[in-house]
Amino acid sequence: MKNSSNEKRIFSGIQPTGNLTIGNYLGAVKRWVKLQAEKSDTIYCIVDLHAATTWQDPRELRETTRELVASLLACGLNPKESILFNQSQVSAHSELAWIFNCVARIGWLNRMTQFKDKAGKDKEKASVGLFAYPTLMAADILAYKATHVPVGEDQKQHLELTRDIASKFNLDYKVGDFFPLPEPLIEGAATRVMSLRDGQKKMSKSDASDFSRINLNDSSDLINQKIKKAKTDPYPLPDSLDELQGRPEALNLINIYAALSDRAPETVLEEFSGREFSYFKPKLAELTVDQICPISDKMKALLKDPNYIDCILHEGSTTAAQIANPIIHEVYEIVGLIRKRSQL
Ligand code: TYM
């Protein structure tokens, strides 16, 4: 571990379902890479068990998991500085999730908007796993007693639930602050990147239209086309963010530009105020291609060696288990479950 005496421990997760979008990149992964450079421990998890809450083709799941590792490495995650692994290789996640299923209340889970969105109209037909998804997410974080969780805005409600579960466990078993109450890190200009076709809808891997998103493996031609076709409005760019109220598509493109260039949206507006989209869009496309295309080139090169990727996941899982297992053993002690001597 980087610095075990440091009290800050960063944890985050990502699902291996389909290509990463620029929303995942700007809302999460780009910030994971920045946090890796700081002193705290950084633990990043590919949440394959979460992916299994909706049916996945087994062969594709293995492929998308490896592709995701390759993308994360290509984005700058360094397995020597961060722990990178897949959830299913560390049994602590599932074990703690069961305990949390017994701590969380059905009423709490009923309020989760992501379940409502994903289950759609016929909730009765959704898997039990999809309903219990947030308790596994709480287990991911708390199996490491993580204190900070960098995510996009869509995960905020799940993090509030994680804090509720941690508090209730601490209280029910009278164990003070055994579990920390993890802080969400939802920061920067791109905490909610919106669809390029509809500024009111989140950019998502699962949107039916590929033109609604930029994937990290899109070619430069496709990125140019997607940005050219992105929905906008007929007005020039204004001087201030206030004037972008009611113009969600324009605001979204400014935020993407700001996050890609590590600048504040206000500064981007200063540069482009009074300009038409016909001027701004090619600049945005150029910046996007410059940042995204090198990632997809690296990713393709890494995918040529699946053994290397599997080794990273194996080593990451071993290190992750060394942190999580003693915490799970303590939890079992607290709850009153008998353990073999060798496991204590
Ligand atoms: P997932 O796989 O849907 O997304 C991974 C990360 O990308 C962020 N994100 C976005 N950020 C900005 N704009 C967008 N359009 C956008 N789309 C996605 C997400 O907020 C997330 O940070 N439940 C989680 C995975 C998870 C997890 C965890 C996260 C499982 N266990 C523990 C943190 C801690 C999810 O489905 O993310």
Participant: Is the backbone of Ser88 close enough, under 3.5 Å, to the side chain of Asp48 for a donor and an acceptor to pair up by distance?
Facilitator: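 Checking the backbone N and O of Ser88 against the side chain of Asp48, a donor-acceptor pair under 3.5 Å is found.
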Participant: May I ask you to check whether Asp154 and Gln114 show a side-chain donor-acceptor distance below 3.5 Å?
Facilitator: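 Absent: no donor and acceptor within the cut-off.
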Participant: Which is it for Gln36 and Asn78 under the side-chain hydrogen bond (donor to acceptor under 3.5 Å, both in side chains) test, yes or no, and what are the steps along the way?
Facilitator: CA-CA 8 Å; Gln36 166 183 266; Asn78 178 349; 5.8 Å; no
Participant: Donor-acceptor pair, distance only, cut-off 3.5 Å: does the side chain of Lys118 make one with the backbone of Ala126?
Facilitator: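 No, the answer is negative, given that no donor and acceptor are paired below the 3.5 Å cut-off.
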Participant: Determine whether a donor-acceptor pair (N or O, by modelled atom type, separation under 3.5 Å) exists between the side chain of Arg213 and the backbone of Ile22.
Facilitator: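 It does not hold such a pair.
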Participant: Within the 3.5 Å criterion, strictly below it, is a donor on Thr54 or Gln56 matched to an acceptor on the partner's side chain?
Facilitator: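 Indeed, the side chains of Thr54 and Gln56 share at least one donor-acceptor pair under 3.5 Å.
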Participant: Return the set of residues passing side chain to side chain donor-acceptor pair (under 3.5 Å) with Asn24 (not counting sequence neighbours), or none when no residue passes.
Facilitator: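 Per chain and number, Asn24 pairs via side chain to side chain donor-acceptor pair (under 3.5 Å) with Thr21.
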Participant: Among residues two or more places apart or on two chains, list those pairs meeting salt bridge (charged side-chain N to carboxylate O under 4.0 Å, His left out) that have a residue in residues 92-111.
Facilitator: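 Not a single pair qualifies under salt bridge (charged side-chain N to carboxylate O under 4.0 Å, His left out).
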Participant: Keeping Lys226 on the side-chain end and Asp218 on the backbone end, is there a donor-acceptor pair under 3.5 Å?
Facilitator: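 Such a contact is absent between Lys226 side chain and Asp218 backbone.
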Participant: Got a list of side-chain donor-acceptor pairs under 3.5 Å for residues 289-308, not counting sequence neighbours?
Facilitator:
from: Gln291; atom 1: NE2; to: Leu260; atom 2: O; distance (Å): 2.7
from: Ser296; atom 1: OG; to: Cys293; atom 2: O; distance (Å): 3.2
from: Asp305; atom 1: OD1; to: Asn307; atom 2: N; distance (Å): 3.4
from: Asp305; atom 1: OD1; to: Tyr308; atom 2: N; distance (Å): 3.3

Participant: Is it true that Arg197 and Asp207 have a side-chain N and a carboxylate O under 4.0 angstrom from each other?
Facilitator: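 Salt bridge: no.
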Participant: Counting distance only, does the side-chain N/O of His93 pair as donor-acceptor with the main-chain N or O of Leu136 below 3.5 Å?
Facilitator: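 Checked: no pair found.
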Participant: Between Arg192 (side chain) and Lys202 (backbone), is there a donor-acceptor pair under 3.5 Å?
Facilitator: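 No; zero donor-acceptor contacts below 3.5 Å.
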Participant: Has Ser40 got a side-chain atom pairing as donor or acceptor with Ile10's backbone, closer than 3.5 angstrom?
Facilitator: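 Side chain of Ser40 to backbone of Ile10: no pair is present.
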Participant: For residues Tyr173 and Phe178, establish whether the separation of their ring centroids is below 6.0 Å.
Facilitator: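 No, the ring centres sit 6.0 Å or more apart.
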Participant: Regarding Ser82 and Thr42, do their side chains bring together a donor and an acceptor under 3.5 Å, going by distance alone?
Facilitator: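 Looking only at side-chain atoms, Thr42 and Ser82 do form a donor-acceptor pair, the distance falling under 3.5 Å.
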Participant: For the backbone of Lys228 and the side chain of Lys281, can you confirm whether one donor and one acceptor N or O come within less than 3.5 Å of each other?
Facilitator: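 Checked: pair present.
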Participant: Hey, is the main chain of Gly188 close enough, under 3.5 Å, to the side chain of Arg31 for a donor-acceptor pair?
Facilitator: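 No, because the side chain of Arg31 does not come within donor-acceptor range (under 3.5 Å) of the backbone of Gly188.
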Participant: For Asn252 and Pro248, indicate whether the former's side chain and the latter's backbone hold a donor-acceptor pair under 3.5 Å.
Facilitator: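 Side chain of Asn252 to backbone of Pro248: no pair is present.
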Participant: I'd like to check Ile14 versus Trp32 (side-chain heavy atoms, cut-off strictly below 4.5 Å). Are they in contact?
Facilitator: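 Result yes, sub-4.5 Å side-chain heavy-atom pair found.
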